[in-house]
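Keep in mind that the numbers below use all heavy atoms, side chains included, and drop hydrogens, waters and symmetry copies. Chain A is the first sequence line, chain B the second, and so forth, proteins listed ahead of strands; every chain is numbered from 1.
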Number of protein chains: 2
Amino acid sequence: MSKIKILIVEDEPLIAEDIRELLEQVNYQIVGVAYNKEEAYSLLNITKPDIALLDINLGDNTDGILIAETINEKYNIPFLYLTSYSSKLILDKVKHTFPMGYIVKPFDEANLFTAVEIALSNFQGIKKTVSFTIENINKTLPNKLTQREFEILSDIYNGLSNSDIAEKNFVSLNTIKTHVQKVYEKLDAHTRSATIVKVRELLNK
Amino acid sequence: MSKIKILIVEDEPLIAEDIRELLEQVNYQIVGVAYNKEEAYSLLNITKPDIALLDINLGDNTDGILIAETINEKYNIPFLYLTSYSSKLILDKVKHTFPMGYIVKPFDEANLFTAVEIALSNFQGIKKTVSFTIENINKTLPNKLTQREFEILSDIYNGLSNSDIAEKNFVSLNTIKTHVQKVYEKLDAHTRSATIVKVRELLNK
DNA sequence: TAAAATATCATCCCAACGGGTGATTTTCTA
DNA sequence: TAGAAAATCACCCGTTGGGATGATATTTTA
């Protein structure tokens, strides 16, 4: 089994090296140290870490929070905050990013180690539900749905009948039936129920 | 807003009092200190805490883990481990309980405070999906499903046609149709798709 | 601007679904 | 053990859904 790859985002070189040493001692692989937001994005792309440790304050901005938001949107990895600030104010500002941990400096090796281990383990355990968007659906399909077809799929997913959908869109029932046929074809499902199940599987896996 | 209610499970009275002081300083309410497993269960029932802090080793057993398992099964609250042990061995033993945090003693106020805050916040943020069982479905229904009807509902939920279900159960198609009618009646849905949507709503809310 | 993709609509056919009613057997329970 | 509840099955009927095929307008894009 290869080592766990960790990205450190920390603008104080001394602290960064301190963290690196602690973590390398316990057999993690530090794939990079980013000193600012741009470096963080670059290293996220290049090194594909398994987990990120984020200082909240980089320079004099709270850029760590922005990085966290980006990780939540585009990368599928857990992260910890590792920072000097523990005020209620700061905490309330970071809560919406759902960090897998929050460690206040100065910290010791044991707490850092356990936080990383628990974060990785819990993140695996969380069932990740993808949101119901045309991008997420199409990602898995050989023949992509058109925008219109996705709208019809959405209506099917929400239990509407063909005539419901026709009325809602001010088009004829036959038109909807044609769209539905295309949707079935592209999803490789041949009933409404099977279609809903298929969508559920796409979103929950 | 009333104070956050915290249950401490810790067999060392001195440490327990230490924790209590730290937390009461930052305006949490300690609703009880349990010195063993039985007290913990009792206090969980009586005091209805919002979060629990668990020592893993109570006496010379790892009863903290059992308490965590019980919390996961029967109580809908987050918990943190707060313990002296940070070995990989122990960690691997607790991971399956999905703690919202793991703090190694000795700890400082800042880390304890942030861990509690993040735990409570993240726990709120996690979309709790109820598992698809007859109990969970019936909980919300005025007219309860029978076991058989629940099985048919389950098949519908998984996209099976009436004849699929009939074959699977070695009964006639008409029998299934009758069951399906009862299911529709009890769920107040009148198509397969509407039924699936209804179940989804019951499970995700 | 011409070709391709998409959206619109139609007709035919048959299978599946949904609703109603009534009945018998099996199982549970007071 | 008698009555209630649940599971089984049947027949009828109208609606909706699903598959096939073909056609015309509209929009996108090379």
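- The side chain of A:R192 has D:dG18 as its nearest neighbour among C:dT8, D:dG18, D:dT8.
- Note: NZ (B:K182) to P (D:dT8) measures 14 Å, nearest angstrom.
- Protein atom CD1 of B:I152 is 11 Å distant from nucleotide atom C1' of D:dT8, rounded to whole Å.
- B:T191 contributes no side-chain N or O that forms a donor-acceptor pair with the base of C:dC17 under 3.5 Å.
- Spacing between atom CD of B:Q147 and atom C1' of C:dT26 amounts to 17 Å, rounded to whole angstrom units.
- A:N122 contributes no side-chain N or O that, together with a main-chain N or O of A:M100, makes up a donor-acceptor pair within less than 3.5 Å.
- For the pair A:H179 NE2 and D:dG18 P, the interatomic distance rounds to 16 Å; values are reported in whole Å.
- When the P atom of C:dC17 is taken as reference, atom CG of B:L160 falls 10 Å away, rounded to whole Å.
- Listed for the B:N36 side chain is a donor-acceptor partner under 3.5 Å among the backbone atoms of B:E38.
- Between the side chain of B:E149 and the main chain of B:T146, a donor-acceptor pair closer than 3.5 Å is present.
- The side chain of B:N174 contributes an N or O atom lying less than 4.0 Å from OP1 or OP2 of D:dA10.
- Look at B:T175 and you'll find a side-chain N or O under 4.0 angstrom from OP1 or OP2 of D:dC9.
- Distance B:K186 NZ to C:dG19 P: 16 Å, rounded to the nearest Å.
- Here B:N162 does not reach the OP1 or OP2 of C:dA16: none of its side-chain N or O atoms lies under 4.0 Å away.
- Comparing A:S163 and A:T178 against DNA chain D, the residue whose closest nucleotide sits nearer the 5' end is A:S163.
- Here A:K177 lies in heavy-atom contact (under 4.0 Å) with a base.
- Across all strands shown, A:S161 has heavy atoms under 4.0 Å from sugar-phosphate atoms exclusively, and none from any base.
- Put simply, CD1 on B:I165 is 14 Å from P on D:dC9, counting in whole angstrom units.
- At the heavy-atom level, B:T146 lies under 4.0 Å from the strands shown only through sugar-phosphate atoms.
- In the set D:dG18, C:dG18, D:dT8, the nucleotide with an atom closest to the side chain of B:V180 is C:dG18.
- Each of B:K144 and B:V171 has a nearest nucleotide on DNA chain D; the 5'-most of these lies closest to B:K144.
- Taking 4.0 angstrom as the limit, A:R148 places a side-chain polar atom (N or O) nearer than this to OP1 or OP2 of C:dT8.
- Within the structure, every side-chain polar atom (N or O) of B:Y184 is placed at least 4.0 Å from both OP1 and OP2 of C:dG19.
- Checking the phosphate oxygens (OP1, OP2) of D:dG19, a side-chain nitrogen or oxygen of A:Q181 falls inside 4.0 Å.
- Atom pair B:F170:CZ and D:dC9:C1' shows a separation of 18 Å (rounding to whole Å applied).
- A donor-acceptor contact under 3.5 angstrom links the side chains of B:Y75 and B:N45, judged on distance only.
- One N or O on the side chain of B:K5 and one on the backbone of B:T47 form a donor-acceptor pair closer than 3.5 Å.
- With respect to the salt-bridge test (charged N to carboxylate O, under 4.0 angstrom), the residues B:K88 and B:D92 qualify.
- At a threshold of 4.0 angstrom between heavy atoms, the contacts of B:S172 are confined to the sugar-phosphate backbone, with no base atom among them.
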